[in-house]
Amino acid sequence: MSNYGLDYFSLILEGLQKTVVTDGKGKEISLEEGLEIWAKKALDVKEKTQGLLFFCGNGASASMAEHMSHDWFQNAGINTTTCAEVSHITAISNDLSYDDVYSYRIKRIISEKDIVIGISSSGNSPNIVNALQAANENGAFTISVSGKKSDNKIRKMGDVNFYVPLETYGEVESAHAVLLHAALDLFLDKYMGGRH
């Protein structure tokens with residue numbers, strides 16, 4: 001275990017380099033094309049539709065959703081939300097079900113003006129599956145970010161899907177953090193004069 005740290009870093013890098021990106025029809029596209037589509041759609045939300053970026057996830061993915069929601073709001077100047085308030089999550093979980101914590105609000109406020117980003121390490125979290133389904137039904141542009149098994153549910157649910165082929169939660173979460181920042185930094189570099 002003398003090279004544990006470097007081996008771990010290499011594993012995450014390899015997973016990122018093997019990221020598979022598909023469009024809404026299941027056609028494989030390049031990582032560059034997937035990130036470019038994300039950035040262009042975000043620009044449309046900012047300048048044309050004045051919509052929202054809606055981020056959702058559970059656990060570490062919820063933390064990333066909140067983090068990215070803030071970064072896109074502050075740095076990219078786009079309105080964002082996560083609906084991660086404790087009162088909302090506990091009320092919907094108690095009154096309806098935890099599976100509905102995101103889809104309940106998405107059904108009410110999300111439309112074709114918006115982008116919904118579902119982040120799930122397993123790709124099988126019922127509330128993220130329901131969130132993307134509700135967003136698709138409302139005409140929003142959807143992005144899935146997943147990992148672990150290649151046949152996970154949300155991997156085929158987005159208009160653009162990013163799948164990182166790593167096996168454990170820590171590995172997938174680490175790679176997702178890099179991927180999510182890459183999407184934002186591309187937007188900042190391309191449309192906002194650069195990252196800072």
Side-chain angles (χ1 to χ4, degrees), residues 9-10 12-24 27-57 60-85 102 105-106 109-121 128 131-132 135-136 138-147 154-155 157-164 166 171-196:
F9 298 163
S10 295
I12 303 303
L13 176 59
E14 183 179 353
L16 283 163
Q17 290 172 331
K18 291 182 176 178
T19 296
V20 180
V21 185
T22 54
D23 65 14
K27 177 187 173 189
E28 194 168 323
I29 60 176
S30 71
L31 175 61
E32 290 300 319
E33 186 176 357
L35 292 172
E36 289 278 353
I37 291 169
W38 186 339
K40 179 63 172 71
K41 291 301 291 187
L43 183 67
D44 288 345
V45 166
K46 179 183 175 87
E47 295 188 349
K48 294 181 182 178
T49 69
Q50 285 81 50
L52 288 170
L53 270 61
F54 187 113
F55 291 86
C56 52
S61 299
S63 295
M64 282 185 263
E66 290 182 325
H67 179 171
M68 296 317 300
S69 178
H70 168 76
D71 280 3
W72 280 90
F73 180 82
Q74 181 176 354
N75 300 324
I78 300 175
N79 288 332
T80 64
T81 189
T82 64
C83 80
E85 312 92 296
Y102 297 117
R105 188 172 292 188
I106 285 170
I109 70 168
I110 295 298
S111 71
E112 67 280 351
K113 300 184 305 182
D114 308 310
I115 299 173
V116 172
I117 301 99
I119 309 163
S120 173
S121 294
I128 306 303
L132 290 170
N136 285 330
N138 282 16
F141 188 84
T142 52
I143 297 169
S144 77
V145 181
S146 68
I154 71 167
R155 189 178 169 195
M157 294 187 72
D159 292 300
V160 179
N161 305 282
F162 296 85
Y163 165 69
V164 180
L166 289 168
E171 294 164 6
V172 174
E173 290 160 2
S174 297
H176 281 178
V178 173
L179 179 62
L180 291 162
H181 273 288
L184 173 60
D185 284 349
L186 173 64
F187 181 88
L188 297 177
D189 287 346
K190 190 163 187 175
Y191 302 117
M192 300 288 290
R195 71 193 95 156
H196 58 277

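Residue numbers start at 1 and run along the sequence shown. Just so it is clear, the structure is predicted and the values come from calculations on it, not from any experiment. When reading the values below, keep in mind they use all heavy atoms of this one structure, side chains included, and skip hydrogens, waters and symmetry mates.
When all heavy atoms of Ile109 and Leu52 are compared, the closest pair comes out as CD1-CD1, 4.2 Å. The shortest heavy-atom contact between Lys46 and Ala76 is NZ-O, 2.7 Å. Summarising the geometry of Gly57 relative to Tyr102, their closest heavy-atom pair is O-OH, 2.6 Å, with the distance given to 0.1 Å. Nearest heavy atoms, Ala42 versus Ile78: O-CD1, 3.6 Å. Minimum heavy-atom separation, Phe54 to Cys83: CZ-SG, 3.5 Å. Shortest non-hydrogen contact noted between Ala175 and Leu166 is CB-CD1, 3.9 Å.
Considering only heavy atoms from C-beta on, Lys40 stays 4.5 Å or farther from Lys190 through its side chain. Counting only heavy atoms from C-beta outward, the side chains of Val116 and Leu132 approach each other to under 4.5 Å. With contacts defined as side-chain heavy-atom distances shorter than 4.5 Å, the pair Glu33/Asp23 does not qualify. Inter-residue side-chain proximity for Asn161 and Ser146 is flagged as unmet; no heavy-atom pair is nearer than 4.5 Å. Side-chain contact between Lys41 and Ile37 is present, with heavy atoms from C-beta onward closer than 4.5 Å. By the 4.5 Å heavy-atom criterion applied to side chains, Asp114 and Asn138 are not counted as neighbours. Counting only heavy atoms from C-beta outward, the side chains of Glu14 and Glu171 never approach each other to under 4.5 Å. Contact annotation: the side chain of Tyr163 never approaches that of Thr22 to less than 4.5 Å [non-hydrogen atoms, C-beta and beyond].
Trp38 pairs with exactly one of Ile117, Asp159, Val160, Leu43 by the side-chain contact (heavy atoms from CB on, under 4.5 Å) rule, that one being Ile117.
Salt-bridge check for Asp44 with Lys48: passed, with a basic side-chain N closer than 4.0 Å to an acidic carboxylate O.
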Task: Derivation of the side chain to side chain contact (heavy atoms under 4.5 Å, CB included) call for Met157 and Ile128 - done: CA-CA 10 Å; Met157 294 187 72; Ile128 306 303; over 6 Å; no
Task: Derivation and outcome, side chain to side chain contact (heavy atoms under 4.5 Å, CB included), residues Met68 and His176 - done: CA-CA 11 Å; Met68 296 317 300; His176 281 178; over 6 Å; no
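Heavy-atom contacts from other residues, nucleotides or ligands closer than 6.0 Å to CZ of Phe73 number 12 or fewer. Within a 6.0 Å sphere centred on CD of Glu85, heavy atoms belonging to other residues, nucleotides or ligands number more than 12.
Of the possible polar contacts, one joining the Asp189 side chain to the Arg195 backbone as a donor-acceptor pair under 3.5 Å is found.
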